[in-house]
Structures are given as structure tokens and as C-alpha cells.
Amino acid sequence: MQIRKAVIPAAGLGTRMFPASKATPKELFPLADRPMIHYAVEEAILSGIEDIFIVISPGKKQIKSPIR
């Protein structure tokens with residue numbers, strides 16, 4: 001039986017990263033040349049995950065569009 005779904009927790013205010021996380025959600029902070037959350041999604045896809053759910057806080061409108 002292979003795992004086909006993943007849940008990525010991305011909720012929270014990112015208070016440890018204030019004041020930078022006031023303007024940009026912590027998941028979208030660039031690491032090298034891509035947002036941090038991109039690495040998690042990419043690893044999930046490469047491991048065979050078919051459905052990815054990203055749990056976000058209600059105030060995070062910048063990452064609400066689906067990642068494909």
C-alpha cells in the first residue's frame with residue numbers, strides 16, 4: 001500500500017520571523033531561488049504523492065491558489 005496523500009501544515013503567524021513575515025507569509029520566503037513551500041511540494045510529488053493539501057491560516061490570501 002502506497003501513501004498517495006500528503007498534508008503540509010503552513011498555518012501560523014510566523015512570529016519568530018517578524019517583521020519580515022508581516023509582509024510575506026513565511027512559506028513564501030525565498031530559499032535559494034524558490035519559495036520554501038515549493039521544496040515540500042516538490043518532494044511530495046517526487047515521492048509519488050498524488051493529492052497535496054496545504055493547511056493555511058484564514059488570513060493567508062497569497063497562497064490560496066492551487067499549486068499545480
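Note: hydrogens, waters and symmetry copies are ignored here, and every other heavy atom, side chains too, is used. Keep in mind that this is a model prediction, so the values were computed, not measured.
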Query - Atom of Leu31, atom of Tyr39 and distance for their closest heavy-atom approach - result: O-OH, 2.8 Å
Report summary line: To the nearest 0.5 Å, atom CD1 of Ile54 lies from atom CD1 of Ile37 at 4.0 Å
Query raised in the report: Under the side-chain contact (heavy atoms from CB on, under 4.5 Å) test, which residues partner Ile3, sequence neighbours left out?
Result: Ile49
Query raised in the report: What pairs meet the side-chain hydrogen bond (donor to acceptor under 3.5 Å, both in side chains) rule with one or both residues in residues 40-51, with sequence neighbours excluded?
Result: Arg4-Glu50, Arg34-Glu42
Query - Other cluster members, Phe53 - Ile/Leu/Val/Met/Phe/Trp/Tyr, side-chain contacts below 4.5 Å - result: Val7, Val55
